[in-house]
Amino acid sequence: MQNTVHLLGRRRFLPLFVTQALGAFNDNLFKTAMVLFVVYNVYSDPRQEEQFSALATAIFIVPFFLLSAVAGQLADANDKAKLIRIVKTAEVGIMLVGAAGLFLANIPLMLAALLAMGVHSTFFGPIKYALMPQHLQPDEVLGGTGLVEAGTYIAVLGGTIVAGLISAQTAAYAVVLVAVLGWFAGREVPPAPPAGIPDPIDYNIFRASYRLVYGTLHIRRLFLAIIAISFFWTIGAVLFIQFPPLVKNVLNADKSVASLFLGIFSVGIAIGSVVINRLLKSEVSARYAPGSVIVMGLFVLGFHFVAKNWEETSSAPMHTLLGFAQHPGAPALIICLLGIATAGGMFVVPLYAFLTTTVPQSETARTVAANNLVNSGAMVIGSGIAIGLSALGVSAVDQFLLTAAMCVGSAWLAWKLHLACD
């Protein structure tokens, strides 16, 4: 990223980068603090814990499925900087509700705030990606996308680790503070008026959603990129759902280790974002995507077998972070997890660049929104699969076999995309 790091010193990029990073940090600080609190302090049954984790994921994702079409139209039709200020103002109010839920240990309030944060993220996502081709040069878009993805996942790392180290009450204060900082950062984003004359906005969410997705079908590489990204996030949804209950019930570890797992996943995605940008030299291409997702699947299999062996041999009481690190199986488990995430980052980052470089600037926000809509539907399906398998008695460890198999499907889609555009 040597040719794009300079963007961090430019107002056309830095405020957006900081706003996105703070939002990602806050999303994950709140969501992780809530899930860890419920898993470790409310439920004592593995199936209930897995189902609550899946329910929380689904609640956060449902707004993407319902509102992405409207969000994309609004972003294309309005000054994106102005929309950012509105969205970040809403975040402050949402986090006040979430903070009350954490402080009072009130699960309905927590879930209400989580749903509202899903709405917040639904409207911010198209703005974020549509701004980059408007403010960056064509040869900076891939690097800028990689920087945003890397910064996002480092922020996710920070949010997940902090959530595992502090109490729910402390997290209540923190999420409000970070929301306020995000509001200040969002005010510095330069104006980004609509490119061209915007079309009228269709507020019928079902008709608009259908038209939004249908509009991507005629561009083969765009549609294949969206489907491939959706497959990836279906896999990611199953993995993220299983981490907290797996850490507690299989690895016999406390919430700091669950937070570490989520954090390692985020670091790996950031590493993959940087590596793939160096390999492609700022070219938007899918040529490394099939191999990357196959490697991801192999690491998933490795993670499954290490965890399975751990399940059969471990009889120690609940580990702290230090106790987990001293376990003989910990290094292999961490390497597998880091490998999963790094290969995943190498797979998915170039595909996001396709979204913003395949269509005119006047259509980038709605294209990202179409991607978000399909992704969210896939993730809800992934959450449903996880809930169903848990209800059938399939353990969290054995569900990793499903994600490994899904990587083969992702590789096939990535290969079709490579043939279509490279």
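Shortest non-hydrogen contact noted between F37 and A168 is CD1-CB, 4.2 Å. In terms of heavy atoms, F60 sits closest to S121 at CZ-OG, 3.7 Å. When all heavy atoms are compared, the tightest approach of F30 to L102 is CD1-CD1, 3.7 Å. The two residues V306 and G329 come nearest to each other via the heavy atoms CG1-O, 3.9 Å. Across every non-hydrogen atom of N26 and A174, the tightest pair is OD1-O, 4.3 Å. Looking at every heavy atom in both residues, V18 comes nearest to A185 through CG1-CB, 3.9 Å.
By the 30° and 60° cut-offs, the orientation of the rings of F124 relative to H120 is parallel.
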Practice task
Would you sort out whether W310 and L333 count as a side chain to side chain contact (heavy atoms under 4.5 Å, CB included), showing the intermediate values?
Solution key: CA-CA 10 Å; W310 196 308; L333 209 60; 4.0 Å; yes
Practice task
List the steps and the verdict of side chain to side chain contact (heavy atoms under 4.5 Å, CB included) for F64 and L373.
Solution key: CA-CA 6 Å; F64 287 89; L373 192 156; over 6 Å; no
Problem - Chi angles and distances behind the side chain to side chain contact (heavy atoms under 4.5 Å, CB included) call for V62, S376 - result: CA-CA 7 Å; V62 162; S376 61; over 6 Å; no
Exercise for the section: I would like to know whether K308 and D398 meet side chain to side chain contact (heavy atoms under 4.5 Å, CB included); could you show each step before the answer? Expected result: CA-CA 8 Å; K308 192 76 171 178; D398 288 337; 3.1 Å; yes
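Inter-residue side-chain proximity for I84 and L16 is flagged as met; some heavy-atom pair is nearer than 4.5 Å. Here the side chains of L111 and I107 are in contact, with some heavy-atom distance below 4.5 Å. You'll find the side chain of I235 reaches within 4.5 Å of the side chain of M296, heavy atoms only. Proximity of R287 to L280: side-chain heavy atoms (C-beta onward) are separated by under 4.5 Å at one or more points. Proximity of W183 to V87: side-chain heavy atoms (C-beta onward) are nowhere separated by under 4.5 Å. The shortest distance between side-chain heavy atoms of L322 and Q326 falls below 4.5 Å. Counting heavy atoms from C-beta outward, F303 and L246 have side chains that approach closer than 4.5 Å.
Of the options I271, V295, L279, a side chain to side chain contact (heavy atoms under 4.5 Å, CB included) to M346 is made by L279 and by none of the others. Among V175, L29, L177, the single residue meeting the side chain to side chain contact (heavy atoms under 4.5 Å, CB included) criterion with M95 is V175.
For the atom pair OG1 of T170 and CG of L165, the computed distance is 11.0 Å after rounding to the nearest 0.5 Å. Atom CD1 of residue I229 and atom CG of residue L417 lie 9.0 Å apart, to the nearest 0.5 angstrom. With rounding to the nearest 0.5 Å, the separation of CZ in F223 from CG in N371 is 11.5 Å. Taking CG of L114 as the reference point, atom CG of D27 lies at 8.5 Å (rounded to 0.5 Å). One distance of note links NZ of K416 with CG of L224; it measures 7.5 Å at 0.5 Å rounding. Here the CH2-SG distance, from W412 to C407, works out to 16.0 Å after rounding to the nearest 0.5 Å.
Between the side chain of S292 and the backbone N or O of Y288, at least one donor-acceptor pair lies under 3.5 Å. For T403 (side chain) and F400 (main-chain N/O), a donor-acceptor pair under 3.5 Å exists by modelled atom type. At least one donor-acceptor pair closer than 3.5 Å links the side chain of N28 to the backbone N or O of A24. With hydrogens and angles disregarded, a donor-acceptor distance shorter than 3.5 Å links the side chain of T234 to the backbone of A378.
No close placement of the F347 and W415 rings is indicated, their centers lying 6.0 Å or farther apart.
Under the rule for a salt bridge (Lys or Arg N to Asp or Glu O under 4.0 Å), the partners of K88 that lie at least two apart in sequence or sit in another chain are E91.
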